[in-house]
Amino acid sequence: MEKLVLISLILLTKNLLFSTGVEIINIPVGNSSSLANEKAIINNYGFSLFTNPAVLININSNYTIEYNRLFYYNKTTYDILSLTSKSFDKFCAGLSFGRFTSGEINLRNIDGIPTGENFEYSMILSSLGMGVKLSEDDYNVLNFGFSGVIILEKIDTENIFFGYNTGLLHKLKIKTKFLKGILLGGSINGVSTDKKLNYNASFGLQTGNSIVFIGYEGFILSNNEKIKIGTMLNLYTSKDLKKYFNLNIGYQTNTNYLSSGIDFRIYNFGLCYSFGNHKYLGALHSLQIILFI
């Protein structure tokens with residue numbers, strides 16, 4: 001009976017993590033946490049490796065060091081460290097390491113009596129990728145990105161999985177007083193724990209440093225579709241772009257994910273805080289700290 005309870009708990013934890021649309025590489029992190037997990041056009045800094053690597057090239061710094069912690073139910077945490085290097089105007093490379101843990105779970109039998117056994121479900125992941133500016137002229141900018149993901153799952157056994165993220169980002173430059181650009185982005189990501197590939201497409205209007213977007217997310221061979229709407233409202237930006245303050249608001253259908261947050265930079269220090277209410281994961285708090293070098 002105790003083994004049956006253990007197996008049930010393991011399956012429950014894995015189903016919660018890998019419910020359709022909630023795979024580990026699809027859990028909201030970084031700046032996209034406050035924008036309904038938008039993955040195609042939003043600048044997610046180094047964590048664009050997990051959303052759309054084509055956006056990496058838009059980082060306004062030669063190097064970044066970033067840390068993100070996601071807090072949610074019980075003792076469960078998700079930590080990611082990311083490094084990016086933009087040595088050239090047309091190329092940016094990124095490297096990320098992450099760890100998800102359920103915390104130590106005390107097992108109980110079917111009558112609710114402690115069995116004296118404990119277990120912890122955890123995942124360690126790493127990602128390496130790049131963003132490249134394919135072309136640019138007076139009216140268009142086209143970026144491409146690709147990243148590979150390795151995931152090590154630990155529970156009663158150890159399993160290793162491989163995944164990837166790839167995408168395109170196109171900006172149509174608009175030279176008007178109000179509208180500055182039209183953004184079109186698309187990304188595909190997947191991991192071998194799930195046969196259904198996740199794909200995203202977004203359309204955005206850029207007014208100065210503010211963005212209003214509508215996006216679509218779906219899964220190949222699945223009817224699990226989501227519509228995402230939101231805005232990154234810029235309240236202040238300095239001329240050298242080294243100081244800014246953004247207010248973010250987003251909503252995602254299907255999972256009823258309502259999110260909000262702030263994103264600001266003061267010279268070499270940046271902070272992104274997000275709060276969201278997710279159908280599967282409950283209340284989410286995400287804190288991202290960035291050093292621009």
Side-chain angles (χ1 to χ4, degrees), residues 26 28-61 84 86 89-92 94 129-147 165-189 198-218 225-237 241 244-253 257 259-261 263 265 270 272 274:
N26 288 327
V29 295
N31 215 7
S32 69
S33 297
S34 61
L35 290 162
N37 202 20
E38 201 291 319
K39 300 178 184 177
I41 63 175
I42 295 300
N43 189 345
N44 209 18
Y45 306 107
F47 302 127
S48 297
L49 288 167
F50 298 103
T51 50
N52 184 357
V55 185
L56 283 172
I57 199 66
N58 291 341
I59 296 175
N60 184 34
S61 181
T84 66
K86 187 181 177 182
D89 183 55
K90 296 185 177 182
F91 178 83
C92 183
M130 64 176 185
V132 180
K133 187 179 293 185
L134 296 179
S135 64
E136 182 177 15
D137 55 36
D138 291 339
Y139 301 98
N140 298 277
V141 180
L142 180 62
N143 301 336
F144 167 77
F146 179 85
S147 63
N165 298 290
T166 187
L168 291 170
L169 177 66
H170 176 257
K171 179 179 179 180
L172 177 63
K173 300 178 183 178
I174 308 294
K175 301 179 180 180
T176 65
K177 188 174 182 179
F178 177 72
L179 186 62
K180 301 300 181 182
I182 296 176
L183 299 173
L184 298 171
S187 65
I188 299 175
N189 56 61
N198 171 244
Y199 55 93
N200 304 266
S202 292
F203 169 83
L205 298 177
Q206 189 173 30
T207 59
N209 293 302
S210 298
I211 297 175
V212 178
F213 70 86
I214 180 169
Y216 172 84
E217 179 177 0
E225 300 175 326
K226 305 166 188 175
I227 302 296
K228 306 173 184 182
I229 57 175
T231 179
M232 175 183 284
L233 181 62
N234 178 252
L235 302 180
Y236 172 77
T237 299
L241 301 179
Y244 55 74
F245 184 84
N246 299 323
L247 175 64
N248 303 333
I249 301 173
Y251 176 74
Q252 179 187 118
T253 63
Y257 181 47
S259 60
S260 61
D263 170 23
R265 173 178 177 176
C272 300
S274 306

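Position 1 is the first residue of the sequence; numbering continues from there.
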L56 versus Y45, closest heavy-atom pair with distance: CD2-O, 3.5 Å

For the student: nearest non-hydrogen atoms of V55 and N44, plus distance: CG1-N, 4.4 Å

Which of these passes side-chain contact (heavy atoms from CB on, under 4.5 Å) with K133: D89, L142, N58? D89

How many angstroms lie between atom SG of C92 and atom CE of M130, to the nearest 0.5 angstrom? 11.5 Å

Backbone of G46 reached by a side-chain donor or acceptor of T84 within 3.5 Å: no

Determine, step by step, whether L205 and F203 satisfy the side-chain contact (heavy atoms from CB on, under 4.5 Å) criterion, reporting the C-alpha distance in whole Å, the side-chain angles of both residues, the deciding distance to 0.1 Å, and the verdict. CA-CA 7 Å; L205 298 177; F203 169 83; 3.6 Å; yes

Indicate the atoms forming the closest heavy-atom contact of K86 with I57, along with that distance. NZ-O, 2.9 Å

Find out whether T51 and N165 are in side-chain contact, i.e. whether some heavy atom of one side chain is under 4.5 Å from a heavy atom of the other. no

Would a 4.5 Å heavy-atom cut-off, applied to side chains only, mark K173 and D138 as touching? no

Exercise: identify the closest heavy-atom pair between G145 and T166: O-OG1, 3.0 Å

CD of E38 to OG1 of T231, rounded to nearest 0.5 Å, is 12.0 Å

Write down the atom of N143, the atom of A54, and the distance for their closest heavy-atom approach. CB-O, 3.5 Å

Give the C-alpha distance, both sets of side-chain angles, the deciding distance and a yes or no for side-chain contact (heavy atoms from CB on, under 4.5 Å) between S33 and Y257. CA-CA 10 Å; S33 297; Y257 181 47; 4.2 Å; yes

Checking side chain to side chain donor-acceptor pair (under 3.5 Å) for the pair Y244/N60: CA distance, chi angles, key distance, verdict? CA-CA 12 Å; Y244 55 74; N60 184 34; over 6 Å; no

Just wondering, do K90 and V132 contact through their side chains at under 4.5 Å, heavy atoms? no

Could you tell me the separation between the CD atom of Q252 and the CD atom of E217, rounded to the nearest 0.5 Å? 6.0 Å

N140 and L172: CA distance, side-chain angles, deciding distance, side-chain contact (heavy atoms from CB on, under 4.5 Å) verdict: CA-CA 5 Å; N140 298 277; L172 177 63; 3.5 Å; yes

Working to the nearest 0.5 Å, report the span between CG of L49 and CG of N189. 12.0 Å

For the student: nearest non-hydrogen atoms of K228 and A36, plus distance: CD-O, 3.5 Å

Answer with yes or no whether the side chains of N37 and K226 bring together a donor and an acceptor at under 3.5 Å. no

Pairwise distance CG(N209) to CG(L233) - rounded to 0.5 angstrom: 11.0 Å

Are the side chain of S260 and the backbone of G250 linked by a donor-acceptor contact shorter than 3.5 Å? no

If I take atom OH from residue Y236 and atom CZ from residue R265, how far apart are they, to the nearest 0.5 angstrom? 12.5 Å

Is a side-chain N or O of K39 found less than 3.5 angstrom from the main chain of N52, in a donor-acceptor match? no

Side chain to side chain donor-acceptor pair (under 3.5 Å) assessment of N31 paired with N248: CA-CA 9 Å; N31 215 7; N248 303 333; 3.2 Å; yes

Side-chain donor-acceptor pairs under 3.5 Å in residues 175-185, sequence neighbours left out?
unit_1, atom_1, unit_2, atom_2, d
T176, OG1, L179, N, 3.0
T176, OG1, L179, O, 2.6
K180, NZ, T176, O, 2.9

